[in-house]
Trainee: 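Could you have a look at this structure, given as C-alpha coordinates, before my questions?
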Amino acid sequence: MFPIRDHNPSGRTPYVTYALMAANIVIFLAYWPYFTDPRELNAFFYEWAMVPAMVTQDGTYHTVFTSMFLHGGVMHLLGNMLFLWIFGDNMEDEMGHLGYLAFYLASGIGAGLAHVLAAPYSPVPTVGASGAIAGVMGGYLLLFPKAKVDILVIFIVFFRIFTIPAWIMLALWFGIQLFAGFGADPLQGGVAYWAHAGGFIVGAVLTLPVFLARGGTAFWQRTHGHPPHPDAEYKYVRSNVPKVGRRR
(Lines give C-alpha, C1' and ligand atoms only; values in the text may rest on other atoms or scores of the structure.)
Protein backbone atom coordinates (compact mmCIF):
# COMPACT_ATOMS: atom_id res chain seq x y z
CA MET A 1 0.00 0.00 0.00
CA PHE A 2 1.41 3.36 -1.00
CA PRO A 3 0.00 6.78 -1.97
CA ILE A 4 -0.05 7.91 -5.58
CA ARG A 5 -1.63 11.39 -5.26
CA ASP A 6 -3.75 13.60 -3.03
CA HIS A 7 -6.82 15.75 -3.76
CA ASN A 8 -5.47 18.91 -2.17
CA PRO A 9 -4.48 21.56 -4.74
CA SER A 10 -1.91 24.13 -3.68
CA GLY A 11 -2.20 27.85 -4.28
CA ARG A 12 1.37 28.56 -5.37
CA THR A 13 4.05 26.90 -7.45
CA PRO A 14 6.12 24.70 -5.08
CA TYR A 15 9.53 25.84 -6.29
CA VAL A 16 11.37 24.53 -3.23
CA THR A 17 9.75 21.10 -3.50
CA TYR A 18 10.76 20.91 -7.15
CA ALA A 19 14.28 22.10 -6.30
CA LEU A 20 14.65 19.48 -3.56
CA MET A 21 13.51 16.76 -5.94
CA ALA A 22 15.94 17.98 -8.59
CA ALA A 23 18.82 18.13 -6.10
CA ASN A 24 18.20 14.57 -4.94
CA ILE A 25 18.02 13.28 -8.50
CA VAL A 26 21.08 15.17 -9.75
CA ILE A 27 23.20 14.11 -6.78
CA PHE A 28 22.13 10.50 -7.21
CA LEU A 29 23.07 10.56 -10.89
CA ALA A 30 26.45 12.09 -9.98
CA TYR A 31 27.52 9.02 -8.00
CA TRP A 32 25.46 6.50 -9.97
CA PRO A 33 28.63 5.08 -11.68
CA TYR A 34 29.90 3.97 -8.24
CA PHE A 35 27.17 1.33 -8.08
CA THR A 36 29.24 -0.78 -10.47
CA ASP A 37 32.17 -0.73 -8.04
CA PRO A 38 31.26 -1.68 -4.43
CA ARG A 39 34.58 -0.42 -3.10
CA GLU A 40 34.09 3.02 -4.61
CA LEU A 41 30.47 3.12 -3.42
CA ASN A 42 31.37 2.13 0.14
CA ALA A 43 34.16 4.71 0.25
CA PHE A 44 31.75 7.38 -0.98
CA PHE A 45 29.08 6.45 1.56
CA TYR A 46 31.52 6.35 4.45
CA GLU A 47 32.57 9.87 3.49
CA TRP A 48 29.13 11.43 2.97
CA ALA A 49 26.50 9.09 4.43
CA MET A 50 25.65 9.24 8.12
CA VAL A 51 27.39 6.52 10.14
CA PRO A 52 26.08 6.81 13.74
CA ALA A 53 29.30 5.46 15.28
CA MET A 54 31.34 8.05 13.39
CA VAL A 55 28.96 10.85 14.40
CA THR A 56 29.18 9.99 18.09
CA GLN A 57 32.87 9.09 18.18
CA ASP A 58 34.48 11.18 15.44
CA GLY A 59 32.13 14.15 15.27
CA THR A 60 31.19 13.78 11.58
CA TYR A 61 28.14 15.96 12.14
CA HIS A 62 28.07 17.23 8.57
CA THR A 63 26.89 13.80 7.41
CA VAL A 64 23.59 14.29 9.27
CA PHE A 65 22.92 16.90 6.56
CA THR A 66 24.61 15.38 3.51
CA SER A 67 23.00 11.97 4.01
CA MET A 68 19.59 13.56 3.33
CA PHE A 69 20.51 13.91 -0.34
CA LEU A 70 21.87 10.39 -0.91
CA HIS A 71 19.99 7.22 -1.81
CA GLY A 72 20.82 3.53 -1.94
CA GLY A 73 19.22 2.77 -5.29
CA VAL A 74 16.76 3.84 -7.97
CA MET A 75 13.65 2.52 -6.20
CA HIS A 76 14.74 4.14 -2.94
CA LEU A 77 15.05 7.47 -4.73
CA LEU A 78 11.79 7.16 -6.69
CA GLY A 79 9.79 6.15 -3.63
CA ASN A 80 11.01 9.13 -1.63
CA MET A 81 10.44 11.57 -4.47
CA LEU A 82 6.89 10.29 -4.92
CA PHE A 83 6.06 11.00 -1.27
CA LEU A 84 7.70 14.44 -1.48
CA TRP A 85 5.78 15.26 -4.65
CA ILE A 86 2.45 14.30 -3.09
CA PHE A 87 2.76 16.03 0.28
CA GLY A 88 5.38 18.74 -0.20
CA ASP A 89 3.46 21.30 -2.25
CA ASN A 90 0.73 21.91 0.36
CA MET A 91 3.24 22.30 3.17
CA GLU A 92 5.23 24.78 1.07
CA ASP A 93 1.99 26.61 0.29
CA GLU A 94 1.26 27.09 4.00
CA MET A 95 4.80 27.85 5.19
CA GLY A 96 6.14 29.88 2.29
CA HIS A 97 9.20 28.95 0.26
CA LEU A 98 11.97 29.80 2.73
CA GLY A 99 10.01 28.68 5.77
CA TYR A 100 9.29 25.35 4.14
CA LEU A 101 12.94 24.86 3.17
CA ALA A 102 14.04 25.48 6.77
CA PHE A 103 11.28 23.14 7.98
CA TYR A 104 12.35 20.38 5.58
CA LEU A 105 16.02 20.56 6.53
CA ALA A 106 15.24 20.74 10.25
CA SER A 107 13.01 17.68 9.96
CA GLY A 108 15.76 15.78 8.15
CA ILE A 109 18.37 16.72 10.75
CA GLY A 110 15.97 15.76 13.55
CA ALA A 111 15.33 12.42 11.87
CA GLY A 112 19.06 11.75 11.56
CA LEU A 113 19.65 12.56 15.22
CA ALA A 114 16.79 10.25 16.21
CA HIS A 115 18.51 7.43 14.36
CA VAL A 116 21.83 8.23 16.04
CA LEU A 117 20.14 8.13 19.45
CA ALA A 118 18.56 4.76 18.62
CA ALA A 119 21.86 3.22 17.44
CA PRO A 120 24.77 5.42 18.58
CA TYR A 121 27.42 2.76 17.85
CA SER A 122 26.07 1.43 14.56
CA PRO A 123 28.75 1.18 11.83
CA VAL A 124 26.13 1.00 9.07
CA PRO A 125 25.95 4.02 6.72
CA THR A 126 22.50 5.61 6.58
CA VAL A 127 21.24 7.45 3.49
CA GLY A 128 17.96 8.85 2.25
CA ALA A 129 15.59 11.79 2.25
CA SER A 130 12.87 9.77 3.96
CA GLY A 131 13.50 11.30 7.40
CA ALA A 132 12.94 14.82 6.07
CA ILE A 133 9.96 13.67 4.03
CA ALA A 134 8.54 11.98 7.13
CA GLY A 135 8.64 15.45 8.69
CA VAL A 136 6.61 16.76 5.76
CA MET A 137 4.11 13.95 6.33
CA GLY A 138 3.89 14.72 10.05
CA GLY A 139 3.13 18.36 9.28
CA TYR A 140 0.62 17.36 6.61
CA LEU A 141 -1.22 15.15 9.10
CA LEU A 142 -1.59 18.08 11.47
CA LEU A 143 -2.78 20.57 8.86
CA PHE A 144 -4.75 18.43 6.42
CA PRO A 145 -6.10 15.30 8.16
CA LYS A 146 -9.30 15.44 6.08
CA ALA A 147 -7.59 15.73 2.70
CA LYS A 148 -8.25 12.78 0.42
CA VAL A 149 -5.36 10.58 -0.67
CA ASP A 150 -5.42 7.93 -3.40
CA ILE A 151 -3.55 4.80 -2.37
CA LEU A 152 -2.61 1.82 -4.50
CA VAL A 153 -3.17 -1.50 -2.77
CA ILE A 154 -1.38 -4.52 -4.27
CA PHE A 155 -2.06 -8.06 -3.10
CA ILE A 156 -0.22 -10.65 -5.24
CA VAL A 157 -1.90 -10.14 -8.65
CA PHE A 158 -4.76 -8.02 -7.35
CA PHE A 159 -4.42 -4.25 -7.26
CA ARG A 160 -6.85 -1.42 -6.77
CA ILE A 161 -6.85 2.32 -6.03
CA PHE A 162 -8.73 3.51 -2.94
CA THR A 163 -9.38 7.08 -1.78
CA ILE A 164 -9.07 7.55 1.97
CA PRO A 165 -8.61 10.48 4.41
CA ALA A 166 -4.99 11.51 4.84
CA TRP A 167 -5.08 10.91 8.59
CA ILE A 168 -5.76 7.19 8.10
CA MET A 169 -2.91 6.69 5.63
CA LEU A 170 -0.41 8.81 7.58
CA ALA A 171 -1.34 7.45 11.02
CA LEU A 172 -1.05 3.91 9.68
CA TRP A 173 2.35 4.68 8.15
CA PHE A 174 3.60 6.18 11.41
CA GLY A 175 2.30 3.22 13.40
CA ILE A 176 4.17 0.83 11.12
CA GLN A 177 7.41 2.76 11.68
CA LEU A 178 7.00 2.56 15.46
CA PHE A 179 6.07 -1.12 15.45
CA ALA A 180 8.90 -2.04 13.09
CA GLY A 181 11.35 0.16 14.98
CA PHE A 182 10.78 -1.70 18.23
CA GLY A 183 11.26 -5.02 16.46
CA ALA A 184 14.32 -4.16 14.35
CA ASP A 185 17.97 -4.41 15.35
CA PRO A 186 19.33 -0.86 14.87
CA LEU A 187 22.87 -2.23 14.54
CA GLN A 188 21.93 -4.10 11.37
CA GLY A 189 21.28 -2.72 7.91
CA GLY A 190 17.83 -2.12 6.49
CA VAL A 191 15.20 0.54 6.98
CA ALA A 192 15.99 3.27 9.54
CA TYR A 193 12.57 3.14 11.19
CA TRP A 194 13.51 5.45 14.06
CA ALA A 195 14.67 8.08 11.60
CA HIS A 196 11.23 7.91 9.98
CA ALA A 197 9.40 8.10 13.30
CA GLY A 198 11.68 10.84 14.59
CA GLY A 199 11.31 12.93 11.45
CA PHE A 200 7.53 12.53 11.57
CA ILE A 201 7.37 13.77 15.17
CA VAL A 202 9.77 16.66 14.52
CA GLY A 203 7.73 17.72 11.49
CA ALA A 204 4.48 17.68 13.45
CA VAL A 205 6.02 19.71 16.29
CA LEU A 206 7.53 22.28 13.91
CA THR A 207 4.16 22.65 12.16
CA LEU A 208 2.31 23.27 15.42
CA PRO A 209 2.87 27.08 15.38
CA VAL A 210 1.44 27.23 11.84
CA PHE A 211 -1.52 25.10 12.89
CA LEU A 212 -2.27 27.31 15.90
CA ALA A 213 -1.87 30.49 13.83
CA ARG A 214 -4.51 29.13 11.43
CA GLY A 215 -6.95 28.67 14.30
CA GLY A 216 -6.16 25.14 15.44
CA THR A 217 -9.03 22.68 15.00
CA ALA A 218 -11.15 25.49 13.56
CA PHE A 219 -8.82 25.34 10.56
CA TRP A 220 -10.06 21.81 9.83
CA GLN A 221 -13.70 22.83 10.05
CA ARG A 222 -13.15 25.88 7.87
CA THR A 223 -11.12 24.33 5.07
CA HIS A 224 -12.08 20.65 4.97
CA GLY A 225 -8.47 19.77 4.29
CA HIS A 226 -7.69 22.57 1.86
CA PRO A 227 -5.51 25.59 2.69
CA PRO A 228 -7.25 28.97 3.05
CA HIS A 229 -6.41 31.79 0.65
CA PRO A 230 -7.41 35.44 0.34
CA ASP A 231 -9.42 34.46 -2.76
CA ALA A 232 -10.96 31.53 -0.89
CA GLU A 233 -14.14 31.47 -2.96
CA TYR A 234 -12.17 31.11 -6.19
CA LYS A 235 -9.94 28.42 -4.69
CA TYR A 236 -12.96 26.52 -3.44
CA VAL A 237 -14.52 26.50 -6.89
CA ARG A 238 -11.22 25.47 -8.47
CA SER A 239 -10.77 22.64 -5.99
CA ASN A 240 -14.06 21.14 -7.12
CA VAL A 241 -13.11 21.08 -10.79
CA PRO A 242 -12.06 17.57 -11.88
CA LYS A 243 -8.27 17.30 -12.28
CA VAL A 244 -8.20 16.04 -15.83
CA GLY A 245 -4.70 14.86 -16.61
CA ARG A 246 -3.15 16.44 -13.54
CA ARG A 247 -0.45 14.40 -11.84
CA ARG A 248 0.69 14.99 -8.26
Trainee: Identify the two heavy atoms, one from Thr66 and one from Leu70, that lie closest to each other, and give their separation to 0.1 Å.
Mentor: O-CG, 3.6 Å

Trainee: Around atom CG of Leu212, are there more than 12 heavy atoms of other residues, nucleotides or ligands at under 6.0 Å?
Mentor: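 Yes, the 6.0 Å shell around CG holds more than 12 heavy atoms from other groups.
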
Trainee: If I take atom CE from residue Met91 and atom OG from residue Ser10, how far apart are they, to the nearest 0.5 angstrom?
Mentor: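 So the gap between those two atoms works out to 12.5 Å.
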
Trainee: Do the ring planes of Trp173 and Phe83 sit parallel (below 30°), tilted (30 to 60°) or perpendicular (above 60°)?
Mentor: tilted

Trainee: Could you grab the distance from atom CD1 of Ile25 to atom CG of Leu78, nearest 0.5 Å is fine?
Mentor: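 One gets 7.5 Å once the value is rounded to the nearest 0.5 Å.
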
Trainee: With rounding to the nearest 0.5 angstrom, report the CG to OH distance, Leu206 to Tyr104.
Mentor: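 It is 14.0 Å, given to the nearest 0.5 Å.
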
Trainee: Cluster question for you: counting only ILVMFWY and a side-chain heavy-atom cut-off of under 4.5 Å, with indirect links fine, are Val136 and Tyr15 together?
Mentor: no

Trainee: Would you please classify the geometry between the Phe28 ring and the Phe35 ring as parallel, tilted or perpendicular, with 30° and 60° separating the classes?
Mentor: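 Phe35 vs Phe28 ring planes: tilted.
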
Trainee: Roughly how far, to the nearest 0.5 Å, is the CG atom of Leu113 from the OH atom of Tyr61?
Mentor: 10.0 Å

Trainee: Do Asp150 and Asp6 come within less than 4.5 Å of each other through their side chains, counting heavy atoms only?
Mentor: no

Trainee: Establish whether Phe87 and Ile4 are linked, either directly or via other cluster members, by ILVMFWY side-chain heavy-atom contacts under 4.5 Å.
Mentor: yes

Trainee: Check step by step if side chain to side chain contact (heavy atoms under 4.5 Å, CB included) holds for Phe200 and Leu141.
Mentor: CA-CA 9 Å; Phe200 192 95; Leu141 174 61; 3.6 Å; yes

Trainee: If you look at every heavy atom in Gly198 and Ala114, which pair is closest and at what distance?
Mentor: CA-CB, 3.9 Å

Trainee: Do Trp220 and Phe211 have ring centres separated by under 6.0 Å?
Mentor: yes

Trainee: Measuring only between side-chain heavy atoms, which start at C-beta, is Met21 closer than 4.5 Å to Trp85?
Mentor: yes

Trainee: Can you tell me how far apart CG (Asn80) and CD1 (Ile133) are? Round to the nearest 0.5 Å.
Mentor: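 If I round to the nearest 0.5 Å, the distance is 4.0 Å.
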
Trainee: Please tell me if the side chains of Asn8 and Lys148 come closer than 4.5 Å, counting only heavy atoms from C-beta onward.
Mentor: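 They are not in contact (no side-chain heavy atoms under 4.5 Å apart), so the answer is no.
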
Trainee: Do you know which two heavy atoms are closest between Pro3 and Val149, and how far apart they sit?
Mentor: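 That closest heavy-atom pairing would be CB-CG1, 3.8 Å.
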
Trainee: Would Ile164 end up clustered with Ile161 when hydrophobic side chains under 4.5 Å apart are linked, directly or stepwise?
Mentor: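 The answer is yes; both residues are in one hydrophobic cluster.
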
Trainee: Does any part of the side chain of Tyr31, heavy atoms only, come nearer than 4.5 Å to the side chain of His71, both counted from C-beta?
Mentor: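 Contact flag for His71/Tyr31 side chains = yes.
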
Trainee: With clusters defined by side-chain heavy atoms of hydrophobic residues (ILVMFWY) lying less than 4.5 Å apart, directly or transitively, does Val210 cluster with Leu98?
Mentor: no

Trainee: Looking only at non-hydrogen atoms, find the nearest pair between Ala132 and Ser107 and report the distance.
Mentor: O-CB, 3.9 Å

Trainee: Side chain of Asn24, backbone of Leu20: donor and acceptor closer than 3.5 Å?
Mentor: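 Side chain of Asn24 to backbone of Leu20: a pair is present.
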
Trainee: Just how far is it from atom NE2 of His115 to atom OG of Ser122, taken to the nearest 0.5 Å?
Mentor: 5.0 Å

Trainee: State, with a plain yes or no, whether a side-chain heavy atom of Glu92 is found less than 4.5 Å away from one of Phe103.
Mentor: no

Trainee: Who else is in the cluster with Tyr46 when I, L, V, M, F, W and Y are joined by side-chain contacts under 4.5 Å?
Mentor: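 Hydrophobic cluster check, Tyr46: joined to Val51, Met54.
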
Trainee: With a 3.5 Å distance limit and no angle check, can you tell me whether Asp58 reaches the backbone of Thr60 through a side-chain donor-acceptor pair?
Mentor: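 A pair under 3.5 Å: no.
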
Trainee: Of all heavy-atom pairs between Pro145 and Leu142, which one has the smallest distance, and what is that distance?
Mentor: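 In terms of heavy atoms, the two residues are closest at CD-O, 3.8 Å.
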
Trainee: For residues Leu170 and Leu172, determine if any side-chain heavy atom of one lies less than 4.5 Å from a side-chain heavy atom of the other.
Mentor: no

Trainee: Tell me, do His196 and Ile176 make a side-chain contact under 4.5 Å, heavy atoms counted?
Mentor: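 They are not in side-chain contact.
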
Trainee: If the plane angle is over 60° it's perpendicular, under 30° parallel, otherwise tilted; pick one for Phe144 and Phe219.
Mentor: tilted

Trainee: Does Met50 reach the side chain of Met68, with side-chain heavy atoms less than 4.5 Å apart?
Mentor: no

Trainee: In terms of hydrophobic clustering (I, L, V, M, F, W, Y; side-chain heavy atoms under 4.5 Å; direct or indirect links), are Leu29 and Leu82 co-clustered?
Mentor: yes

Trainee: Less than 6.0 angstrom separating the ring centers of Phe69 and Phe65, yes or no?
Mentor: yes

Trainee: Minimum heavy-atom separation for Asn90 and Ile86, please, with both atom names.
Mentor: OD1-O, 4.2 Å

